[in-house]
Structures are given as C-alpha cells and as structure tokens.
Protein chains: 2
Amino acid sequence: MKIDPKSKADLSAQIAKAIRDAIISGDLIVDERLPSEAELADQFDVSRPTVREALKRLAAQSLIRTQRGAFGGAFVNRIAFEDAYGQQITTSTLLLSMNDVSFDVACEARFALERACAPISAMRRSADHLATMRAEIHRQSQPGLTDEAFCASDVAFHRALVDGAGNPVLSYQLAGAIEAIEPLMNMITFSARSREVIVSLHTEIADAIEARDTRRVDEALSELEAYSKKLAHEVASQRKDKTSTNT
Amino acid sequence: MKIDPKSKADLSAQIAKAIRDAIISGDLIVDERLPSEAELADQFDVSRPTVREALKRLAAQSLIRTQRGAFGGAFVNRIAFEDAYGQQITTSTLLLSMNDVSFDVACEARFALERACAPISAMRRSADHLATMRAEIHRQSQPGLTDEAFCASDVAFHRALVDGAGNPVLSYQLAGAIEAIEPLMNMITFSARSREVIVSLHTEIADAIEARDTRRVDEALSELEAYSKKLAHEVASQRKDKTSTNT
DNA sequence: AGACTTTTAAATGTCTGACAAATGAAATTA
DNA sequence: TAATTTCATTTGTCAGACATTTAAAAGTCT
C-alpha cells in the first residue's frame, strides 16, 4: 500500500483510500488486524495524527472498528445489514432534503421500488410480517394519533411489507427509499377522512398479501401512490394560497 | 450542541454525532460555515486534534467539505447524487462480499428493482438512452471481448435502462444494486453461446422499451434473471465437481 | 481613478512529544 | 492450581508548534 506524493489531496484522505481499496479488493480480509497506528505512520511516512484521521474516516464508513489495549488495534469490520441500513437512511434523507427533490419524484421512486417487492412478498409472506402489518393498521385507525405517529406507523407498515419478501438485499435497498420520504410525508396534515382512505388501502394491501394476490397488491399500491401525491398537492396549493394572501 | 460527558464513546465520535444531528435536523444549513477548528475545540472543551478527527468522520460521509486559507473552514456540503452513488456502490459491494449473500438473493433483488424501473423507463425513454443501450448491445456482440469488458458493458446497458426512467432517486437506489452485483457476475465465464442469449435478450428489452411495451420488457427481464441464475448455477456446480476431483 | 502587486491575517494541514486509559498476557503469589 | 499483580502494548487525548494556502486589505504604479 502506497500513496502518491504528487497528489494534491490530504494525506489522511490518500491513506484512507489506500486502506479502503485494500479492503474492497480483498487484500485485507474481515477481522484482520491492521498494523498499529505507529507502524502505519512509519509505513506511510506520516505522523500518527495523520494516520488517525485516516482511520477515523474509515470508521465513519463502518469499514473498520478499533479496540484499545494490548493486542487491540484496528480491525477490518464485517459490515452488518443494520449498519448499512443506517448509512443508507442518513444518506437518502439528506439527499432528498438538500436537493429539493419534488415530492412526486420521491414518491414515484418509493412506490416503484415497493411494487417491485410486493409480488415476492405476496409469495413468501410469513404470519409474522402479516401480523405486524395488521397491528400497524390497527394503530393507524386509533383516533388522537399525532401526524408524526401516524407517519411512523406508516413506515413500519411498509417496512413489514418489504421485509416480507425475505430478501435482506431488497430490505436494505428499500430502507432508504421508505424512511427518507417520511420527513416529506410528515409535512402533510392528515385529516380524519384521508386517514380513513389510507387505512382502507393498507387493509386492501394486507388482504391481498394474505391472499397472495399480486395483482391486487399492485393496484392498491398504485392507488396509494396516487392518493399520496394528491394529498401532497392539496397541501402545496393550500400553502401557496396562504402565501399569496399574506403578500 | 453539547456532548454527554458520561458517554463511553470516543469524544470525536460524539462530536461528529452532534454536528451530524445538527445537519440532519436543519440547524446547520447547506453551505453554512462551521466554527473554526479552534473555536469548536473551545466549545466542546476538547483539543484540536480531537475536533479534527470528528470533522474527518463527517468528511468521509460527504457531510462537510473543507477549504484552507483565510475565510476557509468546514462547510455543510450539499450531497450530490454522484457522491451518493459512490457511497452506495461501495457499501453495497462490501455488504454483498462480506456477508456471503447468495447469487440468487442478490440477483432476485437486482432484477426486482430493475423491473420496477422498466415501466417508467418505457414511458419516458429518450432517444439518448435508447442509443446508449443499442451501442452497448453492439459492443457486447463483438467477438474477443474479455469477460470483464462484457460485464462492464452489461452494467452500462442496465444503467441506461434505469436512467431512462428520468428519476434521479431511482437511479441512485439502483446504482448500488446493479454495480454491486458486477463482481459476482465477473465470476461467470461467458461462453459464446451464453453471450448470444444475453445479447438477444438485451435486444428484446431495447426493442420493447422503444415500442413502449411494458409487458414485453417485464418478460424479457424475467427471462434474463432466470438465465443469469442458470449460468451462475452451472459455474457453481462445475467448480464443485472440480473441487471434489481435487480432494 | 484604476489596475496591478505586496502584505497580512486567518484557517486548515502536518508534525513532535507526551501522558492517560484500557486491556490481555505473563509473572508472581497464596 | 487459582487468584492476584505486574507489565508491555495500543488507542485516546492533549499541548504547542510550524508549514501552507487563501482571500481580503493595503500599498504602488501608471
């Protein structure tokens, strides 16, 4: 592992890249111990703080973990699906909030992905996932629920639907799409009437999943997508009216 | 922004979390300048190296960028879709390689997501994306192409299909799924016969996209998924035979 | 007055050296 | 043998210093 002395980039970034490449290429395998910070400093011919900054970069990506003490050090970390979920959600959330992605675009992406899971979920759904979906539907029909709690339950419902496909790779990919849109959904104020519509569509989805009727699931999801967009547009136009009145 | 003195975690990790939370919650907005390292060190009552380690963690996630010189400093970074693509691909690749995800599971996820894009892509496809797909098909039918080059072209073809949906959020989500599976595909040796089958399916997909025939696209993708799995299984069983012969 | 050059202050990047704290192995003792 | 202590190693943190970069501000010339 070497670094390019001609590069303009920070030393710590170059060192992080060198180690990251070694991990990705398989030169460093899971649970393998990296040289100590002092040794790395020698190898790369930099000071220890510089090495440490590089290691912190890698730690932020869950590529390594560190342990203090004798026989401690930095170890190549096996990225768990849970770690990846978290990173995925953080990145997706910021991506949406910082790039003024329209609600429609985010919504389209989210439901397209979810419809991709639905047929698989309908085939494989376990009693467990079905029970979770029913429980969340029940919660959603409770009166007096705040909009935030309603949205959170909505997220839980859809994650159960996705997890029902029994494919961790799909669950990982979908986690970002579903969770990241929640802040956008939270901006919608759900009237009693709109909650009723959503709950009935959720019920339709759960019934169709239970009956393994992929076509019905697909239709219900499409309806839910259309209804979500409609609600968002109503909120947007109301806000617009208010603004123009104030001006 | 405060840190918990009782926490056992590293100071730099706590500080990174505090700043990250401030960014996610919107307390720090895009392009806003953070206090200088010296000021942050004062505020959090730690030394400058510790602050720097925290900032490097955030930089690794593309949450901030730094600039040297007077009036430089750390700024909240607008995460671009390209940055997110890269992170997504790195994480997905490692996730697959480190958690012995089976080819079938990865393949199922990838094609499920791609089928989700296909109808939208069929509706919106531009001449540009269609041309890219045709060009990659042409490259794939050149004899003498290495397996790696064939796979790379395969990735380019499928990315064009996904990008054709004109939804950057979808493209971002799919980037990981499509690119991360490439190393697994690279392990397959493509015979002339199998390349022929794949090229014909790609042609079928391109034709169907051009004709805006969503059903045909879906069917062709399903066939391609089945064929990919079949090829992978053949490779796996051959390898198994070889191993048992050696033993 | 305007355009160009020089100075300067502020900030990050890097290094050195030091000490604290944790941790498991080895040596010691009951 | 089992429990305890010692010890070396390694990360975590700190203080202070210097190098480098950068853009604003001051100065200079036409």
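The chains referred to below are lettered A, B, ... by the order of the sequence lines, with proteins before strands, and numbering in each begins at 1.
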Can you give me the N/O atom pairs linking the protein to nucleotides 16-18 of chain C at distances under 3.5 Å, or say none if there are none?
unit_1: C/dA18; atom_1: N6; unit_2: A/Arg48; atom_2: NH2; d: 3.4

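- Using a 4.5 Å heavy-atom threshold, the side chains of A/Met98 and B/Ile23 count as touching.
- Within the 4.5 Å cutoff, the side chain of B/Pro49 has no heavy atoms near those of the A/Pro49 side chain.
- A 4.5 Å side-chain heavy-atom check between A/Leu170 and B/Leu113 finds at least one atom pair inside the cut-off.
- Close approach of DNA chain D to chain A, defined as any atom under 4.0 Å from a non-hydrogen atom of the protein, starts and stops at D/dA8 to D/dT13.
- Listed by chain and residue number, B/Thr132, B/Met133 satisfy the side chain to side chain contact (heavy atoms under 4.5 Å, CB included) test with B/Ala160 (two or more places apart in sequence, or in another chain).
- Nearer to the 5' terminus of DNA chain C, by closest-nucleotide assignment, is the contact made by B/Glu39 (compared with the other of B/Glu39 and A/Glu53).
- For residues 153-171 of chain B, the side chain to side chain donor-acceptor pair (under 3.5 Å) pairs, not counting sequence neighbours, are A/Glu108-B/Asn167, B/Arg110-B/His158, B/Glu114-B/His158, B/Glu136-B/Ser153, B/Gln140-B/Ser153, B/Asp154-B/His158, B/Asp154-B/His202, B/His158-B/His202, B/Arg159-B/Glu179, B/Asp163-B/Ser171.
- In this structure, B/Met185 and B/Asp147 have side chains that are not in contact, with every pair of non-hydrogen atoms separated by 4.5 Å or more.
- Remark: side-chain polar atoms of B/Arg65 are paired, donor with acceptor, to backbone N or O of B/Val76 under 3.5 angstrom.
- Among C/dT14, C/dA11, C/dG13, the nucleotide with an atom closest to any side-chain atom of B/Thr66 is C/dG13.
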Are there any protein N/O atoms within less than 3.5 Å of an N/O atom in nucleotides 23-27 of chain C, and if so, which ones and at what distance?
unit_1: C/dT23; atom_1: O2; unit_2: A/Ala70; atom_2: N; d: 2.9

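- A/Ala13 pairs by the side chain to side chain contact (heavy atoms under 4.5 Å, CB included) definition with A/Asp10, A/Arg57, not counting sequence neighbours.
- Using a 4.0 Å heavy-atom criterion, one finds that A/Arg33 contacts the sugar-phosphate atoms exclusively.
- Computed from coordinates, the B/Arg52 CZ to C/dC15 P distance equals 11 Å when rounded to whole Å.
- Checking A/Ile24, A/Val51, A/Leu34 one by one against A/Ile19, the side-chain contact (heavy atoms from CB on, under 4.5 Å) holds for a single residue, A/Leu34.
- Under the 4.5 Å side-chain criterion, counting only non-hydrogen atoms from C-beta, A/Val101 is in contact with B/Phe81.
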